Structure formats: structure tokens, C-alpha cells
Amino acid sequence: MSYYINFRFENLVYNESCYSGTFCSLDSDIHCDFSYDRNTGKYAVRKCNVPVSEALPLPVWWLDKTLREKGYLEPSEARICL
């Protein structure tokens, strides 16, 4: 199981049932394209630079939180802790 502190979602596209885009975590040196079914909680991961089992779960909980707080998501959303 991975724990991410600093990460970025890029090329983010979403609707009521799905998130998709690119996930990057420089701290963990992980970069992958993904889609996430919000109804079933299932991931589809492509072009991952590490084994998928090492990357999952991606922190989509943070997208849910950001969407609730702002009411929308930007095409690029980042969580950077200093």
C-alpha cells in the first residue's frame, strides 16, 4: 500500500461516475495514467513506471474532498505539503 504526501493530478477529466488523467508523485517517483470508477472504486492504470501494485491505491479520496470543498476540479490539481 502506498502513502502519498506530495502529488499532482494532471489532464484531469471527471464526471459523476469517473475520474481520469495522469497521476504524479515526485516523492515516490511514480507516474501513471489512470481512470477511476467512482461508483465501483475500481482503477484502470496504464503507462505506469512502477508495478501497478506499488502505485495503488491512488489518493482519489483527495479529489473527492477537493470537489466537495470547491464544487469543481481544475484540469491540474496538486497537494504539496511544505
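For the numbers below, each heavy atom of this structure counts, side chains included, while hydrogens, waters and symmetry mates do not. Every value quoted in this text rests on a predicted model; they were computed, and no experiment measured them.
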### Message
Starting from L56, can I reach V60 by hopping between I/L/V/M/F/W/Y residues whose side chains sit under 4.5 Å apart?
### Response
yes
### Query
Where the side chain of E54 meets the backbone of P51, is there a donor-acceptor pair that is under 3.5 Å apart?
no
### Query
Is R38 reaching over with its side chain to a backbone N or O of D64, donor-acceptor style, under 3.5 angstrom?
no
### Message
Parallel, tilted or perpendicular: which one describes the rings of F23 and F7, with boundaries at 30° and 60°?
### Response
tilted
### Task
Determine, stepwise, if the pair T22 / D33 fulfils side chain to side chain donor-acceptor pair (under 3.5 Å).
CA-CA 4 Å; T22 302; D33 292 341; 2.9 Å; yes
### By ring-ring contact (aromatic ring centres under 6.0 Å, His included) - contacts of Y14 (at least two apart)
none
### Query
Is there a side-chain contact between C24 and E10 (heavy atoms, below 4.5 Å)?
yes
### Query
Would a hydrophobic clustering, with Ile, Leu, Val, Met, Phe, Trp and Tyr connected at side-chain separations under 4.5 Å, put L58 with L26?
no
### Task
Can you measure from CZ (R79) to CZ (R8) and round to the nearest 0.5 angstrom?
14.0 Å
### Summary
CG of L73 to CG of L67, rounded to nearest 0.5 Å, is 4.5 Å
### Task
Check the hydrophobic clustering (I, L, V, M, F, W, Y; side-chain heavy atoms under 4.5 Å; chains of links allowed) and say if V50 and Y36 are grouped together.
yes
### Message
Within this structure, what is the CG-CD distance for the pair L63 and E77, rounded to the nearest 0.5 Å?
### Response
7.5 Å
### Query
Sub-3.5 Å donor-acceptor pair from the side chain of N49 to the main-chain atoms of D29, do we have one?
yes
### Query
What distance do T66 atom OG1 and W61 atom CH2 have between them, rounded to the nearest 0.5 Å?
8.0 Å
#### Entry: Contact summary for P59 and Y4, nearest pair of heavy atoms
CD-CD1, 3.6 Å
### Task
Please answer whether the main-chain N or O of N6 pairs with a side-chain N or O of S25 as donor and acceptor at a distance below 3.5 Å.
yes
### Message
What's the separation between atom OH in Y43 and atom OG in S20, rounded to the nearest 0.5 Å?
### Response
13.5 Å
### Query
Would the number of heavy atoms belonging to other residues, nucleotides or ligands and lying under 6.0 Å from NZ of K70 be above 12?
yes
### Query
Quick one: does NZ or CZ of R46 land under 6.0 Å from the six-membered ring centre of F34, within 45 degrees of the ring axis?
no
